[in-house]
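The block underneath contains the structure these notes are about, expressed in structure tokens.
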Protein chains: 2
Amino acid sequence: MQTESGASPGSQLLPVLSGLVDLLRQLQGPEQPSSVALTVLRLLAERGPGRVTDLARLARVSQPGMTQLVGRMEKAGLVRRVADPGDGRAVLVELTAAGREQRARTFAYHAATLDTLFERLDPRDSDVITQALPALIRLVDAGHAERPGHSPSGGEL
Amino acid sequence: MQTESGASPGSQLLPVLSGLVDLLRQLQGPEQPSSVALTVLRLLAERGPGRVTDLARLARVSQPGMTQLVGRMEKAGLVRRVADPGDGRAVLVELTAAGREQRARTFAYHAATLDTLFERLDPRDSDVITQALPALIRLVDAGHAERPGHSPSGGEL
DNA sequence: TATTGTTATACTCTATAACTATA
DNA sequence: TATAGTTATAGAGTATAACAATA
């Protein structure tokens, strides 16, 4: 794998990102939640209960698609729906204990897999990557800022 | 978005990766090839013609799944099947001109999207990320090395 | 009227099992 | 026998359109 050094930052980062995505594709683990389901588990764990509409927007799927996914996750015991006290139209989706546990197990499994890769790396490479993480986080946040009506550190979910 | 500084490298990188994956999910572009199809385009562009079996392994899908995907891509005019001169059982999949062009367009679109994010970033952050790319590439290669029977810089595809 | 959510329906994608052909 | 690929079939996942209920 190689990148051209004279190219734009985006075109240099892209193949690396593609490689990392492929890498994550193999990190399925025992329970195999889908990519979007994993995102929902993460959003609910990080931000607390949220509306179907907000989850759909943040996970970049349609509203009916999110309704259906929440239905499957509810059936699997990972989330529950509760009425929104302030808005009779809305539903709040929240993690169950089982959902929180599955999220923790999957996170731990993926992190452990990545750790085995880091062990094979020159410690200087590990350091360079670790030092770049805050900048990468800000890059991701810059992507969030692109979406109108969404504040990066979130209040609406 | 935030990570704990005392945690393992893997558990620090993981949420960042998740964010980047979410970011890529939005980068669909006009032609919307699926994630696996995009991987196949990339593999064929980077490595040249390859067998169905090898593509299936590298893209982490089943062999019949890859047969079906190649069939759809062939129908769309993106790839063609040619007989493997050295092995009567095998088929070599190769990009058509149209496939190469779509791959280039998608790559350019994604890279441009990432570039707009970099423009919003502090130049120091951009530099730190750029400097970490070679280390990240080696991390991805470490993931490839995990697969028995596959040499990172590839000869069999 | 606009918004939240669901239901109905169809399509894409992918997997497992069974099969054919070649090594 | 083992390997490369395909076909058959079924299931998961997701989208668009149409609908119901509340703001």
Side-chain angles (χ1 to χ4, degrees), chain A residues 21-22 24-26 28-41 44 49-76 78-94 148-150 156-157, chain B residues 21-22 24-26 28-41 44 49-76 78-94 148-150 156-157:
Chain A
V21 168
D22 289 355
L24 276 189
R25 196 165 16 230
Q26 107 193 50
Q28 289 293 332
E31 284 149 329
Q32 316 230 14
S34 75
S35 169
V36 182
L38 201 51
T39 295
V40 170
L41 288 177
L44 295 178
R51 294 182 172 196
V52 170
T53 301
D54 292 328
L55 292 172
R57 182 171 38 79
L58 292 170
R60 310 252 170 209
V61 297
S62 68
Q63 193 181 64
M66 186 51 71
T67 288
Q68 293 161 36
L69 173 59
V70 167
R72 291 192 299 274
M73 293 176 76
E74 191 173 34
K75 198 172 161 190
L78 301 174
V79 301
R80 78 174 69 85
R81 285 173 163 100
V82 299
D84 185 329
D87 187 338
R89 300 167 303 177
V91 172
L92 289 178
V93 181
E94 62 182 28
H150 172 242
E156 87 280 9
L157 185 67
Chain B
V21 168
D22 289 354
L24 275 188
R25 187 153 38 216
Q26 107 194 50
Q28 289 294 330
E31 284 150 331
Q32 316 229 15
S34 75
S35 169
V36 182
L38 201 51
T39 296
V40 170
L41 288 177
L44 295 178
R51 292 182 173 197
V52 170
T53 301
D54 291 328
L55 292 172
R57 180 171 41 78
L58 292 170
R60 310 253 170 209
V61 297
S62 67
Q63 192 183 63
M66 185 52 70
T67 288
Q68 294 162 35
L69 173 60
V70 166
R72 291 192 299 275
M73 293 176 76
E74 191 173 34
K75 197 172 162 190
L78 302 174
V79 302
R80 78 173 68 85
R81 287 174 162 98
V82 299
D84 185 329
D87 188 337
R89 299 168 303 177
V91 173
L92 289 179
V93 181
E94 63 182 25
H150 172 243
E156 87 281 8
L157 184 70

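Basis for what follows: all heavy atoms, side chains included, without hydrogens, waters or symmetry-related copies. What you see is a predicted model; the values in this text were computed from it and never measured.
- Closest heavy-atom contact between B/Pro33 and B/Leu38: CG-CD1, 3.8 Å.
- For the pair A/Arg89 CZ and D/dT22 P, the interatomic distance rounds to 11 Å; values are reported in whole Å.
- Of the two residues contacting DNA chain D, namely A/Ser62 and A/Gly88, the nearest-nucleotide position lying further toward the 5' end is that of A/Ser62.
- What separates CG of B/Leu69 from P of C/dA15 is a distance of 10 Å, to the nearest Å.
- The phosphate of C/dG5 has neither OP1 nor OP2 within less than 4.0 Å of any side-chain N or O from A/Thr67.
- No side-chain heavy atom of A/Leu58 sits under 4.5 Å from any side-chain heavy atom of A/Thr39.
- The nearest whole Å value for the distance from the NZ atom in A/Lys75 to the C1' atom in D/dA12 is 11 Å.
- Atom CE in B/Met66 sits about 9 Å away from atom P in C/dA15, given to the nearest Å.
- The side chain of A/Asp87 sits closest to D/dA23 out of C/dG5, C/dA17, D/dA23.
- The shortest distance between the side-chain N/O atoms of B/Arg81 and the OP1/OP2 oxygens of D/dT6 is below 4.0 Å.
- Residue B/Arg72 has no polar side-chain atom (N or O) positioned under 4.0 Å from OP1 or OP2 of C/dT12.
- Within the structure, a side-chain polar atom (N or O) of A/Arg51 is placed less than 4.0 Å from OP1 or OP2 of C/dT4.
- Between A/Leu55 and A/Val93 there is a side-chain heavy-atom pair separated by less than 4.5 Å.
- A/Gln68 places a side-chain N or O within 3.5 Å of a backbone atom of A/Pro64 that can act as its donor or acceptor partner.
- In this model, the phosphate group of D/dG5 is approached by a side-chain N or O of B/Thr53 to a distance below 4.0 Å at OP1 or OP2.
- Residue side chain B/Gln63 does not reach the base of C/dA15 through any donor-acceptor N/O pair under 3.5 Å, judged by distance alone.
- Across the protein-nucleic acid pair, A/Arg57 atom CZ and C/dG5 atom P stand 11 Å apart, rounded to whole Å.
- B/Gln68 contributes a side-chain N or O that forms a donor-acceptor pair with the base of C/dA15 under 3.5 Å.
- The interatomic distance linking B/Asp54 (CG) with D/dG5 (P) rounds to 8 Å, in whole Å.
- Rounded to an integer number of Å, the gap from B/Glu74 CD to D/dG5 P is 13 Å.
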Legend entry - Check against side chain to side chain contact (heavy atoms under 4.5 Å, CB included), B/Asp54 and B/Met66: CA-CA 10 Å; B/Asp54 291 328; B/Met66 185 52 70; over 6 Å; no
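- Remark: P of C/dT6 and CG of A/Asp84 are 13 Å apart, rounded to the nearest angstrom.
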